[in-house]
Structure formats: structure tokens, C-alpha cells
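Chain letters run A, B, ... following the sequence lines, proteins first, then strands; residues in each count from 1. Here the structure is a predicted model, which means the values were calculated and not measured.
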Amino acid sequence: MSPDNEQQPRQPELPVALPVAWSSDPVNPQVNRLFDSSTETNRTSFSTPSPAAGPRRQVGRRQLHRLQASLSDRDREVINLIAVHRYLTTRQVEAFCFHDHASPVSGARSARRVLRRLQEQGLLKPLERRVGGIRAGSASYVWQLGSVGHRLLRAGSNAKRTHEPSPRFLAHCLAVADTHISLLATERSGDVRSVFVECEPECWRPFTGPSGERRVLQPDLFLITKQDSYLDRWFIEVDLGTESINTLLRKCAQYEDYRRTGVEQSSAGAFPLVVWQLPTQERISRLADAIARSTTPLPELFRFVLPDGLAPLVIRGAA
DNA sequence: TGCGGTACATGCGTTTACGT
DNA sequence: ACGTAAACGCATGTACCGCA
């Protein structure tokens, strides 16, 4: 352990560089960067149509600008989170933005009300593939950006056409979001002093491969935690058991290739730990064995956890 | 006028107990 | 062992009130 004023890394290889912003921000600085922060309103004054009216069909440039100015900070946060994660369930939106209400029930109710309003404004739209009936059911809505939401984030350019994702892709997006939420929960609980989370594609790392080819390392999340006077940096990979072990091993080799470029070490002082979040202990053993048998990736580069093991690992630190 | 909060209703999926 | 129905859990809806 080192004195606080030195901000020294926990390991010799760990970095000293501070992130762009810490998560004293409600959720994620990356999220807020998506929006033009020139608007200051904190309350929504845009008149919402009746539920029967449905989403607005045509929104002109002026109307778009007015809509943007009318959004509260929390509205922007919801929209940006859904943009960053691509898909979020109502429950996840609740966990991100409506966690500080008087009761969980009130938070849930408020979340549904806000999501409904943003849907009516065309900013969000729920996926059609929803388990349950028209009125209620056993699964949350899954939300994605609506056409107006896409235009808003792309500074008025044409809306991106959305389509139903494959169940596998959707499950992965939602699992990554769950991981993000669990990491923020460790900060809210006080177990970690500060958590900075970077999502795709901000956390991607373009690099030049061993043969000079252009490659991109694509972690699911990049994380910096601050504990006492130490900074720990982590790449997070979320696996749902849908990929072959060979595919995971190739990804591990890619981390090793990226590590050998030295880019991360020169910019931040050390290479982050790579954490594989895997669904079963059996799969952890298989991947760990495969890495141990392989000659390419350094085994000490990786940690393996079950879904409920990530937060304890982050709290313990990378040492 | 919009938001926050509460109470209660609704309807679907899942679980469990029971009869065959 | 299997099929069925009731009980339960859950997410969401409506309605209403108070507050800023």
C-alpha cells in the first residue's frame, strides 16, 4: 500500500492516469458526451400526446430542436444509456436512472412513465418480441432508440432503420448492461470509492497486429476502479456460453497481441486485467485449461468469475 | 402542467399440488 | 410419469393526490 498523495498503482504494471471523468456523474460520462450539453433544462415541458395518439410520425428540424431543448437531464441520460447499450429492459433503465426514489415501486412507476413519454415522442421504441400480454406479463419491455432518438443523437441526420435483433445478440447486450449495473452498484454501496465504466464502442482499441494488419480489440466494457489511493483497470468480457471455447481462446490471443504493442502500458502505465465473466464453473475451468495449454496468451493476464463474482473481484482489486 | 408517490387491478408466465 | 388447474410472482396499467 502506498501513501494517498502518490496515487500509485496497486501493481507495478497498473496505471496512474486518471480517466476523463469519474462516475460522480449519475451514470457514465460517455453517456453524457453523446448529447449536446448546451441545454440546461431539468424538467420536461414538451406537450405529450395522449397514449392513444401513438408516436409522432413527422418531426421537422425545428421541432427536433425544440424537443431536444425540452428534455430533462434524466431524459437525456435514459436516451444515451439506451444508445450506448443498444437495448435496455425497463428494469435496467430503473436500475440506472431511477434507483434513488423513495421506494423501488415509485422508481419503477416513474421509469415506466418516463419511458412511455419518450416513446410517445418517438425517441424510444420497445421491441416487439416481448414475453407477456398486451397489458402486462412476466418480462420487461426491451427498449431501443426510436427514429427521432436516432436523429437527435446524429445531429439531425436521417434516422437509422432499426430491426429486431437476434435473441443471442439481444441477450448479450442485456447481459453487458446487467454487468454495468452491478459495477455501478458497488460504487453506490460504497465498497469501491469510484467507478468509471466505458462501453462499446468507446472502449474499443484499434491496433496494428503482428503482421502489420489493422485490428480492433473489442472488449464488452472497460473499467477503472479507484480504491483508497489505487487505480485498477479492467477489460470485461461477458460470455453467455454461446461461443465455443476456441472462439474465446482466439479473443484471449487478441488481448495478448494488443498487450505486446505496449500501447496501453505507455499511455496508462500498465496493461489492464482481462476479466472473463462466464455462466458456469465448468466453463471457467474449460477456458482456464485452454489458456494454460495454449502458448499464446499469458495466463496471469486473465481472471475468471461467475456473474455474481465480478463485484467482489473489483472490490478486492487487481492485486 | 408535469412529476413523484401510493394503491389497486390486470393478465401473462412459472411453479406447485393434485388426480389419473 | 404425465397432464391439468390453482396459486403465485411479476411487470405493467389506471386512478388519484400532493407538490413545485
(request) Can you sort out the partners of A:Glu237 under salt bridge (charged side-chain N to carboxylate O under 4.0 Å, His left out), two or more places apart, ordered by chain and number? (result)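 A:Glu237 satisfies salt bridge (charged side-chain N to carboxylate O under 4.0 Å, His left out) with A:Lys251 only.
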(message) Rounded to whole Å, how long is the line connecting atom CD of A:Glu94 with atom C1' of B:dG5?
(response)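 So the two atoms are 14 Å apart, to the nearest Å.
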(message) In this structure, how many angstroms lie between the P atom of B:dG2 and the CZ atom of A:Arg74, rounded?
(response)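 Between P of B:dG2 and CZ of A:Arg74: 14 Å.
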(message) Check the phosphate of B:dT1 against A:Arg117, side-chain N and O only, distance under 4.0 Å to OP1 or OP2. Yes or no?
(response)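 Checking A:Arg117 against B:dT1: no side-chain N or O falls below 4.0 Å of OP1 or OP2.
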(message) So, OP1 or OP2 of C:dA11: does either fall under 4.0 Å of a side-chain N or O from A:Arg112?
(response)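 It does not, given that no N or O in the side chain of A:Arg112 lies less than 4.0 Å from OP1 or OP2 of C:dA11.
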(request) Measure from NZ or CZ of A:Arg86 to the centre of the six-membered ring of A:Phe169 and say whether it is under 6.0 Å with the direction within 45° of the ring axis. (result)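 Ring-cation test returns no.
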(message) Looking only at the side chain of A:Ser110 (C-beta and beyond, no hydrogens), which of the listed nucleotides C:dA11, B:dG5, B:dC3 gets closest?
(response)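 Closest nucleotide among those given: B:dG5.
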(request) Would you mind telling me which of C:dT14, C:dT12, B:dC3 lies closest to the side-chain atoms of A:Arg116? (result)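 So the nucleotide nearest the side chain must be C:dT14.
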(message) So which atom in A:Pro312 and which in A:Asp308 form the shortest heavy-atom distance, rounded to 0.1 Å?
(response)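 Closest heavy-atom pair between A:Pro312 and A:Asp308: CD-O, 3.4 Å.
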(message) Counting distance alone, no hydrogens or angles: does the base of B:dG5 have a donor or acceptor under 3.5 Å from a partner atom on the side chain of A:Arg113?
(response)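 Looking at the base of B:dG5, it does pair with a donor or acceptor on the side chain of A:Arg113 (distance under 3.5 Å).
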(request) For the pair A:Phe271 and A:Tyr255, evaluate ring-ring contact (aromatic ring centres under 6.0 Å, His included) and give the outcome as yes or no after the intermediate values. (result) CA-CA 10 Å; A:Phe271 196 79; A:Tyr255 274 103; 7.0 Å; no
